[in-house]
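Order of the sequence lines fixes the chain letters, A, B, ..., with proteins taken first and strands second; residue numbering starts at 1 for each chain. Everything quoted here is computed from the prediction, not taken from an experiment.
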Protein chains: 2
Amino acid sequence: MNYLDTIQQYINNLPQEVHQALKEASTIRRYKKGDLLLQQGEVCQRSFHLLTGIARKYYLNEGKEITTEIYFQNDLALSFESYVLQKPGREYIEALTDIEVSATPFNAFRALRKQFPALMELDVMLSEYYAIWLEQRLFQFYTLSATERYRAILEKSPQLIQHIPLTMLASYLGISLETLSRIRAKI
Amino acid sequence: MNYLDTIQQYINNLPQEVHQALKEASTIRRYKKGDLLLQQGEVCQRSFHLLTGIARKYYLNEGKEITTEIYFQNDLALSFESYVLQKPGREYIEALTDIEVSATPFNAFRALRKQFPALMELDVMLSEYYAIWLEQRLFQFYTLSATERYRAILEKSPQLIQHIPLTMLASYLGISLETLSRIRAKI
DNA sequence: CGCTTTCTTTGACATAAGTCAAATATTTTC
DNA sequence: GAAAATATTTGACTTATGTCAAAGAAAGCG
């Protein structure tokens, strides 16, 4: 069982009243493919729990989009630094298909966290999980070549390759589109 | 004021009894230059608050050391994933000078966290801070060349360059020692 | 203090990956 | 279903960075 499963189990075991309170604090929203849930320069004022569809997070560098995270069903989408510090960020969150999310305002979650210690604990777990995920990504940049990074994704997250254009995948891997195309041709 | 200052201020404002409890749970340890506080394959069972000296965290990849973090006075040293999940990790923590640390066992901190909600909140903040730091490092790998990454360190963390050998700095930057030497010759 | 070890620089060459440009292929839209 | 837009591949060439080897400089040790 990995940490994400542990967290999921922790969520499943939360008392009914906590689930209820969370639900009341959140609103269901629908977005069309291509819609932006968050834009550069905005404060990330809510977390988006992805109920259906696919989304991504990216930022612009020298006019090019760099995709940093792909979200699938049940993932939690937010611009971390902007959300945590409640200050304008540089990231965009975009719907890659029509999506449905449960949006929870930062302030509302803060209040609930105070009220229910179990949610505070959940918050620790989520940040820890994200940090561990980031460590692993960084580890890959340190130790793997472009081809190896692509292979690692093939093995660990094949759904990622099937659902997003290669341009996004290339930027996610930190390589050019052409290089990715050549890697794929060889494998 | 950056987030680290916010955290420091939060710590300073903790009630005296919390400080006292933390102190009682911790032990002061001294290590000689070159000593290992943690080794590959071990579970990181305590966090090390660095009181004096310099230390680093690294791991081995194909026989080479990759330095992933340098610790100075007042930094908190631990192998994150190993500590959080309490499972064997791949990282080493090494004293780069004679050092003095305050070591707090994982279990003791867990217990205190339950007892004092303020410590739970501190724990969230520390994980958040680490995740934001990791995001920034990853951002640099995505957007900066080797030379630019070196320049960024020159500006943001000059003390890092003054105190560690270039071999460590090169691996920290994700480049070879020779490339780093050539970058320095040009600047 | 001189010897040894470690660290850093430099040279010559190899290689991974980037860039620019154009040709295909695929998807979307009307 | 044809036209337009978007996505992918391929070719030719450039560039950043790596590797191996050796020399030079600095630090640590007895």
- Query: Between B:Leu166 (CG) and D:dG18 (P), how many Å, whole number?
  - Reply: 14 Å

- Query: Is it the case that A:Gln20 and A:Glu24 place a side-chain donor and acceptor less than 3.5 Å from each other?
  - Reply: yes

- Note on the structure: When rounded to whole Å, the CZ to P distance for the pair A:Arg151 and C:dA16 reads 13 Å

- Item | Note: B:Lys33-B:Asp98 ion pair, threshold 4.0 Å (strictly below) | no

- Query: Where does the angle between the aromatic ring planes of B:Tyr129 and B:Tyr3 fall among parallel (under 30°), tilted (30 to 60°) and perpendicular (over 60°)?
  - Reply: tilted

- Have B:Tyr59 and B:Glu91 got a donor and an acceptor in their side chains that come within less than 3.5 Å? no

- Message: What verdict does the ring pair (Phe, Tyr, Trp, His ring centres under 6.0 Å) test give for A:Phe48 and A:Tyr71, after you've listed the backbone C-alpha separation in whole Å, the side-chain angles of each residue and the deciding distance to 0.1 Å?
- Response: CA-CA 10 Å; A:Phe48 303 99; A:Tyr71 304 107; 9.3 Å; no

- Query: What is the distance from CD1 of B:Ile164 to P of D:dA27, rounded to the nearest Å?
  - Reply: 16 Å

- Task: Provide, to the nearest angstrom, the distance between the CD atom belonging to B:Glu62 and the C1' atom belonging to D:dT19.
- Result: 13 Å

- Query: What integer distance in Å separates B:Leu169:CG from C:dC7:P?
  - Reply: 14 Å

- Item | Nucleic acid contacts - residues 153-161 of chain B versus DNA chain D, non-hydrogen atoms under 4.0 Å | none

- Task: Round to the nearest Å and state the distance from B:His163 atom NE2 to D:dA26 atom C1'.
- Result: 17 Å

- Query: Which residue, B:Glu178, B:Arg182, B:Arg184, forms the side-chain contact (heavy atoms from CB on, under 4.5 Å) with B:Leu180?
  - Reply: B:Arg184

- Quick one: do B:Arg110 and B:Gln86 satisfy side-chain contact (heavy atoms from CB on, under 4.5 Å)? Show the steps, please. CA-CA 12 Å; B:Arg110 281 275 145 150; B:Gln86 285 293 292; over 6 Å; no

- Item | Rounded distance in Å - CD (B:Glu65) to P (C:dT6) | 12 Å

- Indicate for each nucleotide in nucleotides 17-30 of chain C, in 5' to 3' sequence, whether protein heavy atoms under 4.0 Å reach the base (B), only the sugar-phosphate (S), or nothing (-). SBBBB------S--

- Starting at NZ of B:Lys186 and ending at C1' of C:dT10, how long is that distance when rounded to a whole Å? 13 Å

- Message: Just checking A:Tyr58 against A:Tyr172, ring centres under 6.0 Å apart?
- Response: no

- Test side chain to side chain donor-acceptor pair (under 3.5 Å) applied to A:Gln9 and A:Asp5, step by step: CA-CA 6 Å; A:Gln9 201 171 305; A:Asp5 292 333; over 6 Å; no

